[in-house]
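Worksheet: one structure, shown below.
In each ligand, atom 1 is the first atom listed, and ligand 1 is the first ligand listed. Reckoned from all heavy atoms, side chains included, excluding hydrogens, waters and symmetry mates.
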Amino acid sequence: MSSRKSRPQKRRRRSIIAFEMIRLDRTATEPLHEQLYRQIRDELKSGRFGDGSSRLPSSRALATDRGISRSTVRLALSKLHAEGYLRSKPGSGTFVANLLPETFLTADQPKTYEPIQRPIRISDRVRTIPDGRVGDQFDLGATGAGGGVSLVPSIPAVDEFPMAAWERLRAQVLAKKGVNLLRYASNRGDADLRKAIAAYLCDFRAARCHPDQIVIVAGMQQAMLVSALAMLNPGQVAWIEDPCYQQTRRVLALAGIKIIPKPLDNEGIVIARSPREKLPKIIYVTPSHQFPLGVTMSLQRRTGLLDFARAHNAFIFEDDYDAEFRFAGPPLPSLQGIDNASRVIYAGTVSKILCPSLRLGYIVAPEPLVDSLVKIRSAMDQHSSPIEQATLARFISEGFFLSHIKRMRKIYAERRDFFIKQFNELLGDHFTLQVPEAGLNIVAWLKREEEFPMIRRTTVDIGVRPSALSFFCIQAKLKPAFVFGFAAWTPTQIRESLVKLASALRDRGRNLNYGRQSR
Ligand SMILES: Cc1ncc(COP(=O)(O)O)c(C=O)c1O
């Protein structure tokens with residue numbers, strides 16, 4: 001009983017070799033059976049069928065398939081048998097031999113290749129991306145954005161994602177639209193989604209747009225890349241904020257754009273320029289909430305920027321990545337909404353509002369630019385997943401989006417207040433917090449600059465990993481600070497990691513003092 005039960009498990013799958021590559025030439029002087037013998041032998045020598053479980057088709061099947069007589073096939077196979085390439089198993093068929101003759105004949109051993117001595121040449125493009133990370137450090141899943149309580153900046157609370165509602169809507173759109181969601185889809189994006197986003201932006205970001213101005217993209221990073229590729233030739237100039245979101249530099253470098261970093265003051269990007277400085281084709285800004293410093297661009301600076309763009313035939317790229325999470329007063333209107341000269345390319349993302357893994361974002365462009373953006377997207381990867389786009393469209397139009405934003409704003413406000421209070425109590429000796437009106441991060445300036453290396457080492461050692469502000473700087477020479485994220489963790493988790501950091505700093509401080517005294 002038991003042996004019969006175990007038999008099916010032991011049975012190995014026998015794959016029948018298709019020999020798709022065999023080409024017989026009836027006009028050649030070489031006989032057909034020789035051609036067949038030689039070509040089958042060469043396929044077997046390739047080593048792809050050498051595990052003893054590959055079966056040959058029957059001589060009848062092979063003859064029918066190739067339109068030749070069975071005797072021609074038999075002649076070829078008998079020669080292969082005789083030379084040790086095949087073995088027969090009565091009642092089962094003909095199989096590739098476990099050990100092919102070449103295994104014993106050194107003369108026909110496969111060539112061994114010398115290891116490559118010279119470094120592989122990579123493109124200049126790879127080298128010009130300003131990024132010192134190597135290997136696994138690139139893997140966002142394995143590094144900063146992974147699980148764990150790390151206080152890494154810019155991570156939203158993905159465990160609050162309304163999974164059940166999303167799954168329900170996803171099932172509904174699949175049931176309703178069926179195979180239509182499985183085909184290639186519009187490069188502009190799902191029509192319902194563009195409509196829903198246009199309505200949302202007009203109502204809540206004071207944007208002025210209609211669905212035809214919207215292009216759905218795979219997040220902000222792609223919005224930047226598509227815009228840069230559509231608007232600038234390699235070597236042309238973009239101005240960007242300094243410090244800035246690290247991916248902005250990398251994306252622009254990938255597009256071959258010359259980057260000119262511009263400093264910030266407490267009103268936003270400083271657009272004054274020296275007479276010799278090249279004029280930009282595009283200016284990348286985060287006006288609602290500057291990343292990473294948290295400054296909100298003043299109205300005066302906004303109008304100045306728009307005037308500058310109009311006067312110099314430049315465009316402004318407005319990265320509105322987390323405007324929804326403003327804790328003091330109502331959200332500020334977007335720059336796009338006050339632009340009367342079609343100078344703003346506005347972009348948003350669901351990475352902070354919902355979750356980053358969806359890879360969904362949107363561009364709102366002046367109408368004459370839309371086709372060029374779409375052309376770039378179509379040459380890049382066509383479009384984002386139609387299933388997720390259709391689900392997001394329903395998620396927005398049925399009110400889940402707004403209620404999620406409202407709920408998250410409340411959760412983040414509580415976490416932020418808690419973080420500030422605990423941080424000041426536990427770490428106020430070392431840092432001064434700069435409390436922003438919005439966003440998921442807080443900048444903590446060092447009270448004693450000389451402590452920077454020690455604090456940095458400590459954060460790495462204990463796995464509480466705020467980013468050093470200098471990581472986001474290009475030329476800016478700012479005082480040492482760290483950018484903490486607070487949004488992704490519960491108050492208990494926040495307290496635990498702040499306590500851990502505070503006690504590690506206390507221990508290190510004691511050791512340092514002890515070292516100094518005993519010297
Ligand atoms: C300034 C800024 N823009 C955009 C994003 C998100 O980009 P994406 O939509 O590509 O995830 C981030 C994420 O941290 C950010 O800090």
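Between the side chains of Arg326 and Thr296, at least one donor N or O sits under 3.5 Å from an acceptor N or O. The closest side-chain donor-acceptor pair between Arg377 and Ser384 falls under 3.5 angstrom.
With salt bridges taken as basic N to acidic carboxylate O contacts below 4.0 Å, none links Asp429 and Arg448.
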May I have a table of the N/O to N/O pairs between ligand 1 and the protein that fall below 3.5 Å, each row giving the two atom names and the distance to 0.1 Å?
from, atom 1, to, atom 2, distance (Å)
ligand 1, 3 (N), Asp319, OD1, 3.4
ligand 1, 3 (N), Asp319, OD2, 2.7
ligand 1, 9 (O), Met220, N, 2.7
ligand 1, 9 (O), Thr349, OG1, 2.6
ligand 1, 9 (O), Ser351, OG, 3.2
ligand 1, 10 (O), Met220, N, 3.2
ligand 1, 10 (O), Gln221, N, 3.0
ligand 1, 10 (O), Arg359, NH2, 2.9
ligand 1, 11 (O), Ser351, OG, 2.7
ligand 1, 11 (O), Arg359, NH1, 3.0
ligand 1, 14 (O), Lys352, NZ, 2.9

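When the options Phe423, Trp445, Phe452 are evaluated for a ring-ring contact (aromatic ring centres under 6.0 Å, His included) with Phe431, the one that passes is Phe423.
Remark: Ile494 CD1 to Arg416 CZ distance equals 12.0 Å, nearest 0.5 Å.
Between Phe486 and Phe418, a ring centre-to-centre spacing not shorter than 6.0 Å is recorded.
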